[in-house]
Amino acid sequence: MAAVVKIEEIHKIYDSGEIPVHAVRGVSIEIHRGEFVALMGASGSGKSTLMNLLGCLDRPTRGRYLLDGIDVSQLDRNELADIRNQKIGFVFQGFNLLARTTALENTELPMMYGQQRHSARDMRQRALHSLEIVGLSDRADHFPNQLSGGQQQRVAIARALANDPEILLADEPTGNLDSKTSVEVMGVFQKLNEQGITIVMVTHELDIARYCKRNLILRDGRLVRDELVPDRLNADVEMKKLKDAEAAAKLTSG
Amino acid sequence: MRVFNTIKVALRALRRNTMRSILTALGIIIGVAAVIAMVSIGNGAKAQVEAQVASLGENVITVFPGSFNAGGMRSGWGSASTLTVDDADGIKREIPNVVGVTAEMRDRAQVLANGLNWNTQIMGESPDYPSIRSWPIGDGAMFTDQDVRSVAKVAIIGKTVADQLFPDGNVIGQTIRIRNIPFKIVGMLAAKGFNLFGQDQDDTVVIPYTSHMKRVARRPNINSILVQAASAEAIDKVQQDITDLLMQRRKGREQDFTVRNQVELAQAATATSQTMTLLLGAIAGVSLIVGGIGIMNIMLVSVTERTREIGIRLAVGAHGRDVLLQFLIEAVILSSLGGIIGIVLGVGASELVSMKTGWPILVSPASVIVAVVFSAAVGMFFGFYPARKAAQLDPIEALRYE
Ligand SMILES: Nc1ncnc2c1ncn2[C@@H]1O[C@H](COP(=O)(O)OP(=O)(O)OP(=O)(O)O)[C@@H](O)[C@H]1O
Ligand SMILES: [Mg+2]
């Protein structure tokens with residue numbers, strides 16, 4: 001099976017400041033359909049930079065990037081925008097939802113800029129379907145400020161799914177969430193992955209990485225480790241444990 | 001295809017900031033309202049004067065005593081008249097393409113009949129008067145050249161005078177006394193109504209000019225001469241001929257009369273009001289531009305404030321063009337809506353002014369169309385710079401913006 005993501009000797013050098021920063025120094029990775037990858041590393045190791053390259057938000061200084069067989073390293077601004085729209089779903093640490101805009105309208109956003117035209121009804125239906133996948137169809141008309149952090153992040157995931165992307169990319173999706181909500185979001189990811197969606201996510205936390213199938217570790221812009229997760233955690237099981245512990249705490253304190 | 005979605009996006013964005021949208025549009029609203037009101041009032045004034053001049057009749061040339069030249073007005077216009085009946089006769093006799101001439105006398109006097117009395121305008125005219133002024137005789141007949149020659153004591157009266165002096169109808173054949181001289185009524189002018197200045201045109205008595213000069217005013221000179229040319233094309237030539245003839249008759253004395261056709265009269269009369277319209281319109285136009293700058297200001301703030309939103313849109317696949325269009329559409333919708341509200345307010349304001357002051361107003365469709373198009377163009381022009389700024393943002397940097 002062809003790789004969804006294939007990067008070869010990718011470099012990224014930021015030379016906007018006084019001294020150029022060599023943030024990614026020759027990384028080669030292949031990610032296949034159905035994988036669930038956690039990208040780890042210390043702060044400043046180049047994780048976000050690499051994610052932005054994978055997400056076609058930025059272009060590599062050197063190296064080749066084949067996304068779904070297409071060489072995207074040479075595409076122009078608009079072509080990259082179309083790739084982002086059609087093939088990539090991006091989830092951000094800070095949710096990045098449009099304020100004063102309902103969950104439904106936020107989810108419709110990628111379809112607004114799609115190549116194929118959707119009728120308003122079609123858009124609404126697809127957005128509702130995406131919200132259903134993340135378990136939020138009953139909150140479609142809520143505004144972001146009426147939703148919890150976990151719910152907001154699930155809306156962001158629904159938005160990322162709206163155009164049926166080849167790959168879901170998430171830069172520290174649980175970075176702004178408490179541990180229980182993090183497990184909730186990881187549960188959504190695991191469910192999506194079981195349905196065959198390829199996911200790459202950045203995380204700082206080792207226990208979050210253990211929900212994934214494969215861990216990549218970056219150090220100073222280089223890939224230093226690439227291993228399968230031996231003892232994967234299951235979000236449903238962990239959630240049950242957390243709830244039991246909570247109940248127990250209540251019992252003892254009460 | 002994406003344009004439709006972009007319009008939707010722009011409308012949603014405007015709705016999210018209703019208060020700000022209204023305030024932004026306010027500049028345009030006031031500007032357009034001012035333009036519409038000023039132009040409407042100015043046009044009304046102009047139309048009023050034009051109608052006044054047009055009511056003089058068709059293809060009419062007027063000869064006034066007194067002369068205008070580079071040195072300005074030489075003698076008072078209409079004062080110490082220098083025009084004579086001979087001048088009028090000369091025009092009638094010698095100039096081709098003239099279909100009617102009347103030597104005019106004007107005076108106010110008390111008119112008595114039936115034991116009633118009424119103060120009205122007494123006009124001395126020739127029998128051509130009704131046709132020159134396109135003012136038909138409603139009842140009876142116009143007096144004749146014979147009446148003029150014989151200085152006859154006959155009169156044609158207007159509807160108002162008839163109503164005042166003969167409340168029971170029966171007018172023709174009755175006698176009225178002007179300055180105690182009895183005149184027999186031979187005809188009645190058709191009702192013409194009020195002119196735009198609110199003057200009752202039917203409040204008049206017309207008698208032969210000879211009778212007026214000898215029996216009423218007792219003056220040797222006439223107030224003016226009205227000449228009707230055969231056609232609009234003939235006006236210029238007739239006008240020149242009149243000047244030449246009257247100069248010839250003055251045998252080298254300087255010009256002591258003025259010949260004006262209706263168009264010139266209209267122009268002279270509307271010149272001031274036009275200048276005022278232009279001036280007020282210009283001031284209003286400036287406020288429209290200030291409104292446009294207000295839109296630009298808010299759009300610039302909006303682009304900065306919504307940097308993250310722009311980043312999100314770019315990240316999910318919006319092209320720079322989509323973002324540009326969104327902000328441009330927002331600006332154009334704001335300014336056009338402002339324009340439309342401004343028109344409503346402007347028309348309302350002019351109606352109000354008209355009601356309070358009695359000035360006529362004229363809202364021309366052209367000024368409405370120009371206002372809408374211009375306000376949309378203002379939005380386009382002043383919205384472009386902020387919109388382009390938004391479109392050129394880098395997605396990552398926009399997303400990182402705090
Ligand atoms: N736009 C930029 N201009 C210049 N240098 C940059 C830019 N973005 C990132 N860097 C630098 O590149 C290096 C990698 O940054 P990156 O954001 O990829 O790290 P990270 O692994 O995501 O860190 P963290 O875990 O804190 O998010 C850092 O040294 C950072 O200072
Ligand atoms: Mg990072």
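Chain letters run A, B, ... following the sequence lines, proteins first, then strands; residues in each count from 1. Hydrogens, waters and symmetry mates play no part in the numbers below; they use all other heavy atoms, side chains included.
- Comparing R306(B), R313(B), E309(B) by heavy-atom pairs within less than 4.5 Å of chain A, the highest count is held by R313(B).
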Begin with the C-alpha distance, continue with both residues' side-chain angles, and end with the deciding distance and a verdict on side chain to side chain contact (heavy atoms under 4.5 Å, CB included) for F90(A) and N52(A). CA-CA 9 Å; F90(A) 214 107; N52(A) 289 342; 3.9 Å; yes

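- Looking at A99(A), the atoms closer than 4.5 Å to chain B (heavy atoms on both sides) all sit in the backbone: N, CA, C or O.
- Note that CG of L300(B) and CD1 of I295(B) are 12.0 Å apart. Values are rounded to the nearest 0.5 Å.
- Under the 3.5 Å distance criterion, the side-chain polar atoms of S335(B) are matched with a main-chain donor or acceptor of S375(B).
- Atom CG in D171(A) sits 9.5 Å away from atom CE in M201(A) (nearest 0.5 Å).
- When heavy atoms are compared at a cutoff of 4.5 Å, R16(B) approaches chain A by way of both its backbone and its side chain.
- The candidate from L80(A), N78(A), I83(A), L109(A) with the greatest count of non-hydrogen atom pairs under 4.5 Å with chain B is N78(A).
- Options P395(B), G320(B), A315(B), A13(B) differ in how many heavy-atom pairs under 4.5 Å they form with chain A, and the most are formed by A315(B).
- When heavy atoms are compared at a cutoff of 4.5 Å, R12(B) approaches chain A solely by way of its side chain, counted from C-beta outward.
- With a 4.5 angstrom heavy-atom cutoff, E108(A) touches chain B only via side-chain atoms.
- Under a cutoff of 6.0 Å and an axis angle of 45°, K8(B) and F4(B) do not form a cation-pi pair.
- M123(A) touches chain B through its side chain: at least one heavy atom from C-beta onward sits under 4.5 Å away, while N, CA, C and O do not.
- Chain A forms the most heavy-atom pairs under 4.5 Å with one residue out of D394(B), L393(B), T6(B), and that residue is L393(B).
- For the 3.5 Å distance criterion, the side chains of D220(A) and H22(A) fail to qualify, holding no donor opposite an acceptor.
- Side chain of R159(A) to backbone of S130(A): no donor-acceptor contact under 3.5 angstrom is found.
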